[in-house]
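Single-structure report; data block below.
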Amino acid sequence: GQSLEQPSEVTAVEGAIVQINCTYQTSGFYGLSWYQQHDGGAPTFLSYNALDGLEETGRFSSFLSRSDSYGYLLLQELQMKDSASYFCAASDDYKLSFGAGTTVTVRA
Amino acid sequence: DGGITQSPKYLFRKEGQNVTLSCEQNLNHDAMYWYRQDPGQGLRLIYYSQIVNDFQKGDIAEGYSVSREKKESFPLTVTSAQKNPTAFYLCASRPGTASNQPQHFGDGTRLSIL
C-alpha cells in the first residue's frame, strides 16, 4: 500500500505563491497525481507526474522526485477561487492512494 | 453530456438497515471506484472494478458490498455490519487502469445515521 504526508493547512493572500509538499512511502509506485476539491464538491484532476521534473499547466505546476519520494504542487498568482482542499495521490498498478489533503485558504 | 451520476445526494440509514448508493457513468469507462471521505481526511478506497463482472476489495471493504453487472453501473451497499457509516461517499471512473489516466468523480452521496 501507500502512505502519503502533506500539510493540513496553508493560508496566503491573493496574488501570492503557495507550495504544497507531499512525501510518500510506497510498495509499487507509478506516479503522483494532484486533485482539487472545493468544499462539499467532487474532486477534480489537476496534474500527473510519472517522471522526475516539473509539469506546468497554467497557474499550477507539479513536481516529482522519485529518488526522494517527494512531490509538490505549486499554485501561482493565487485567486480567491483557489480556496479549496488539495490532495496528492500515488498510483500503483490499478488504483490511487490519497493523502489527507491540504486546505488552502486565500485571503484578500 | 458525459459524466458520473450518484444518487441520492443525501441518505439516512436506520440501525440494522442496509442501504444502496447508486453510481452510473456514461463515459464508457472500464474502471470504477468507490471511496469514503470523513471530515478532515483523504479519500479511502472501499472497492474497485477494472471490468464488468469483476471487482476487488480496497483498503476499507469491511461492511460494504458491490456489484458490477453492467459497464455503466457500480452500486455500493452499506450493510448493517458497517458500524460507523456516516461519511461522504464518492464514486469515480476512468477509461482503464493505466496510471496516467485521471479519475473522474461524481458529486457524492452523504450518508447519515438516524
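Each chain gets a letter, A, B and so on, in the order its sequence line appears, and its residues count up from 1. Remember, predicted model here, so these are calculated numbers, not experimental data.
- Scanning both residues, B:G106 and A:A42, for their nearest heavy atoms gives O-CB, 3.0 Å.
- Two residues are said to be in side-chain contact when any heavy atoms from C-beta on lie closer than 4.5 Å; A:L96 and B:Y35 meet this criterion.
- Closest approach of A:F87 and B:Q41 over heavy atoms only: CE2-O, 4.0 Å.
- Taking the six-membered ring for Trp, A:F45 and B:F105 have ring centres at least 6.0 Å apart.
- The distance from the CG atom of B:L90 to the CZ atom of A:F98 is 9.0 Å, given to the nearest 0.5 Å.
- Heavy atoms closer than 4.5 Å to chain A are found in both the backbone and the side chain of B:L43.
- Here OG of A:S33 is found 9.0 Å from CG of B:N100. Values are rounded to the nearest 0.5 Å.
- In the displayed structure, A:R59 atom CZ is contacted under 6.0 Å by more than 12 heavy atoms of other residues, nucleotides or ligands.
- With a threshold of 4.5 angstrom between heavy atoms, B:R94 approaches chain A through side-chain atoms but not through N, CA, C or O.
- Counting heavy atoms of neighbouring residues, nucleotides and ligands inside a 6.0 Å radius, atom CD of A:Q19 exceeds 12 of them.
- Interface residue A:Q37: only side-chain heavy atoms are found under 4.5 Å from chain B.
- For CD1 of B:I51, the number of neighbouring non-hydrogen atoms (other residues, nucleotides, ligands) closer than 6.0 Å is 12 at most.
- Connection of A:F63 to A:I17 is established within a shared hydrophobic cluster, with ILVMFWY side chains joined at heavy-atom distances below 4.5 Å, either directly or through further cluster members.
- Around atom CG of A:L51, no more than 12 heavy atoms belonging to other residues, nucleotides or ligands sit under 6.0 Å away.
- For A:Y94, the parts sitting under 4.5 Å from any heavy atom of chain B are the backbone and the side chain alike.
- With a 4.5 Å cut-off on side-chain heavy atoms, A:Y35 and B:Q103 count as touching.
- Interface residue B:Q50: only side-chain heavy atoms are found under 4.5 Å from chain A.
- Contacts of B:Q37 with chain A are made by side-chain atoms alone, with heavy-atom separations under 4.5 Å and no backbone atom involved.
- The environment of B:N84 atom CG is dense: over 12 non-hydrogen atoms of other residues, nucleotides or ligands sit within 6.0 angstrom.
- Residues B:M32 and B:I60 share a single hydrophobic cluster, defined by chaining ILVMFWY side chains whose heavy atoms lie under 4.5 Å apart.
- When A:G31, A:P43, A:G101, A:S91 are compared by the number of non-hydrogen pairs under 4.5 Å with chain B, A:P43 comes out ahead.
- Both B:L76 and B:V19 are part of a single hydrophobic cluster, where members link through side-chain heavy atoms under 4.5 Å apart.
- Both A:V10 and A:Y86 sit in one connected hydrophobic cluster of ILVMFWY residues. Membership requires side-chain heavy atoms under 4.5 Å apart, directly or through other members.
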